[in-house]
Amino acid sequence: MLDFLQTAAWALVALGVLVSFHEFGHFIVARWCGVKVLRFSVGFGKRLVSRYDRHGTEFTVSAIPLGGYVKFLDEREGTVAPEELDGAFNRKNVWQRMAIAAAGPVFNFLLAIALFWGVFMGGTSGPVPIVDQVEPRSIAAYAGLEAGQEIIAVDDQPTPTWQALNWRLANRLGDTGHIKFSVRYPDSTLEYHMYADIDRWLAGQEVPDPLDEIGVKLWIPKISMTLAQVVDDSPAAKGGLKAGDEIIATDGRDYRDWDQWTSYIKAHPDQAVQVTVLRDGAEQSVTITPDLVTLDSGEKIGRIGVLPVAASWPEDKVRRYHYGVMGAFSKGLEETWSKTVFTLNSLKKLLFGEISTRNLSGPITIAKVAGTSADAGWQSFLSLLALLSISLGVLNLLPIPVLDGGHLLYYGIEAIKGSPVSEKVQMIGLQVGMAMVLGIMALALYNDILRL
């Protein structure tokens, strides 16, 4: 229950920040253009909290926290007093109305730049992408990738860290052709270029894992067989295991690999196993019966309640970056641009069926990711906010009536032909746009439910 409340709280924080900044863009530009703002609302439905400023604008927080809106004085929505006509939205010229409509998405991009700026000001780091294993007969194997190579670029785009490598590969989802890998061996400056053939790569995958699909496992430090924690009242504690014990054998089998050992434990629920440990320089044996645990998938596994000593990364396997004020700002601009291009490219692939619509996510998935990123630290949470802000900005610029992009489309036509789009056409567009948006939201929510 506590985890649910924390996830919900971080989701509300994320949505509140994104919606407020987006609507503030519309609000402030409308004010600059002389439009009277009647209401600034975060959320829809029943107003929970509200106050008025000296300009007569009502600022409110409403009950349904899935968006927001800014309401302008407008003759099309009611009678406007003669003395207030100059402040009506519909009385402004087309360029002012375009500026007001575009301001929300523009402010989302500005927010992303500011958030990435903050992330890079704090410095960043990431593991170096060094190949540890290549699956036989995999895409990577046919391309010629080998253990020990560092992947320094994908399609001529640098991949200094795991994160960069994953982003570059994710950008190729649904593509046909080849992926170009640039690699080098340790202590060598020579670069080798290899090509992996792909055909509608991972187009139907719901949650694609690019590295796994090309058949590569990256190097990670070996997990220690020494126990850092033994959970109270767990099978391990009841059997006599203690923090500081080093696992050396189980049921007569020697173990020096944590994953292999935990796989053995998982395979023996409700069965007594003999665990040999090294404690204070001497070997001792204890008998433990793993609890039977049923996973969400229905699989039944054994669990004893221990955690290993955290693996430590050698400094030469980690890249750390530190930026000054202007360097971090420049990097924030670069990151915002690259993620915007990635988002547009992903939308194009969704539209043409190159990647599965099951990749669409709704509020439930966003909430879960927000909670996870918050647990991972402030930089992770700010990076997620920046990505969501970019997505919100891009989606709102789509030329769909109801969205800001739809308004911009109408205003653009008006600027070209010299008169507004007819009310009938706007009404039809509104109905079609509403149906499209509701359909997309329903599909995203359906995908969320399937993932629960």
Side-chain angles (χ1 to χ4, degrees), residues 126-188 190-225 250 253-267 295-299 301 308 310-314 316-319 342 346 349 354-356 358-359 451:
V128 178
I130 297 172
V131 178
D132 185 46
Q133 297 177 40
V134 177
E135 293 292 327
R137 295 181 296 281
S138 65
I139 292 175
Y142 288 126
L145 290 173
E146 298 177 353
Q149 294 172 334
E150 177 190 343
I151 302 175
I152 60 176
V154 169
D155 298 327
D156 296 321
Q157 299 297 313
T159 55
T161 62
W162 281 27
Q163 184 185 43
L165 174 60
N166 276 303
W167 274 108
R168 298 303 179 197
L169 291 174
N171 202 45
R172 299 302 309 275
L173 296 179
D175 287 353
T176 297
H178 63 255
I179 303 174
K180 178 182 178 181
F181 291 95
S182 299
V183 303
R184 67 179 171 214
Y185 289 93
D187 303 320
S188 173
L190 293 177
E191 292 185 16
Y192 299 87
H193 304 296
M194 303 169 180
Y195 297 85
D197 294 326
I198 54 174
D199 182 17
R200 297 191 75 248
W201 189 46
L202 304 180
Q205 291 278 352
E206 179 179 350
V207 186
D209 184 339
L211 275 173
D212 185 62
E213 291 297 330
I214 66 172
V216 164
K217 293 188 184 300
L218 297 179
W219 185 89
I220 60 173
K222 189 174 181 181
I223 300 175
S224 170
M225 296 300 292
T250 299
R253 298 179 177 86
D254 290 340
Y255 283 100
R256 290 294 181 266
D257 182 279
W258 182 263
D259 289 336
Q260 290 180 3
W261 181 69
T262 55
S263 294
Y264 185 83
I265 296 297
K266 289 176 182 178
L295 302 179
D296 292 339
S297 63
E299 181 186 2
I301 64 170
S312 100
W313 284 82
D316 65 336
K317 297 291 193 299
V318 178
R319 288 205 168 95
F342 176 82
S346 298
K349 290 179 178 180
E354 294 174 5
I355 57 177
S356 173
R358 289 180 293 178
N359 287 285
R451 295 187 188 110

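In what follows, every heavy atom counts, from backbone to side chain, and hydrogens, waters and symmetry copies are set aside. Keep in mind that this is a model prediction, so the values were computed, not measured.
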Would you check if Gln157 and Trp167 make a side-chain contact, meaning some heavy-atom pair closer than 4.5 Å? no
A side-chain contact here means heavy atoms from C-beta on lying under 4.5 Å apart; do Asp209 and Leu211 qualify? yes
Taking everything shown except Glu213 itself, do over 12 heavy atoms lie less than 6.0 Å from its CD? yes
Is Asp155 paired with Arg168 through a side-chain N to carboxylate O contact shorter than 4.0 Å? no
Identify all side-chain donor-acceptor contacts of residues 128-139 below 3.5 Å with residues at least two apart in sequence or on another chain.
from: Ser138; atom 1: OG; to: Glu135; atom 2: O; distance (Å): 2.6
from: Ser138; atom 1: OG; to: Ala141; atom 2: N; distance (Å): 3.2
from: Ser138; atom 1: OG; to: Ile214; atom 2: O; distance (Å): 3.4

Taking everything shown except Lys317 itself, do over 12 heavy atoms lie less than 6.0 Å from its NZ? yes
Which pair of heavy atoms, one from Ala196 and one from Phe181, lies closest together, and at what distance? CB-CE1, 3.8 Å
List the steps and the verdict of side-chain contact (heavy atoms from CB on, under 4.5 Å) for Glu299 and Lys266. CA-CA 10 Å; Glu299 181 186 2; Lys266 289 176 182 178; over 6 Å; no
Nearest heavy-atom contact between Trp313 and Val318 is CB-CG2, 3.6 Å
Rounding to 0.5 Å, atoms CD1 (Ile152) and CG (Leu165) come to a distance of 12.0 Å
From CE (Met194) to CD (Glu146), nearest 0.5 Å: 6.0 Å
List for me each residue that meets side chain to side chain donor-acceptor pair (under 3.5 Å) alongside Tyr192, sequence neighbours excluded, and say none if there are none. none
Gap separating the CD atom of Glu150 from the OG1 atom of Thr159, nearest 0.5 angstrom: 7.5 Å
By the definition side-chain hydrogen bond (donor to acceptor under 3.5 Å, both in side chains), identify the one residue from Glu191, His193, Gln149 that meets it with Ser182. His193
Residues Leu202 and Leu173: closest non-hydrogen pair is CD1-CD2, 3.5 Å
Over all atoms of both residues, closest heavy-atom pair of Arg172 and His178: NH1-O, 3.0 Å
Starting from the C-alpha separation in whole Å, work towards a yes-or-no answer on side-chain contact (heavy atoms from CB on, under 4.5 Å) for Trp261 and Thr250. CA-CA 8 Å; Trp261 181 69; Thr250 299; 2.7 Å; yes
When you look at NZ of Lys180, are more than 12 heavy atoms from neighbouring residues, nucleotides or ligands closer to it than 6.0 Å? yes
Trp201 and Asp175, any side-chain heavy atoms less than 4.5 Å apart: no
For the OG1 atom of Thr262 and the CH2 atom of Trp258, what is their distance to the nearest 0.5 Å? 7.0 Å
Rounded at 0.5 Å granularity, tell me how far CD1 in Ile179 sits from CD1 in Ile198. 4.0 Å
Measuring from Leu218:CG to Ile151:CD1, what's the distance to the nearest 0.5 Å? 6.0 Å
Parallel, tilted or perpendicular: which describes the rings of Tyr264 and Tyr255, with under 30° parallel and over 60° perpendicular? tilted
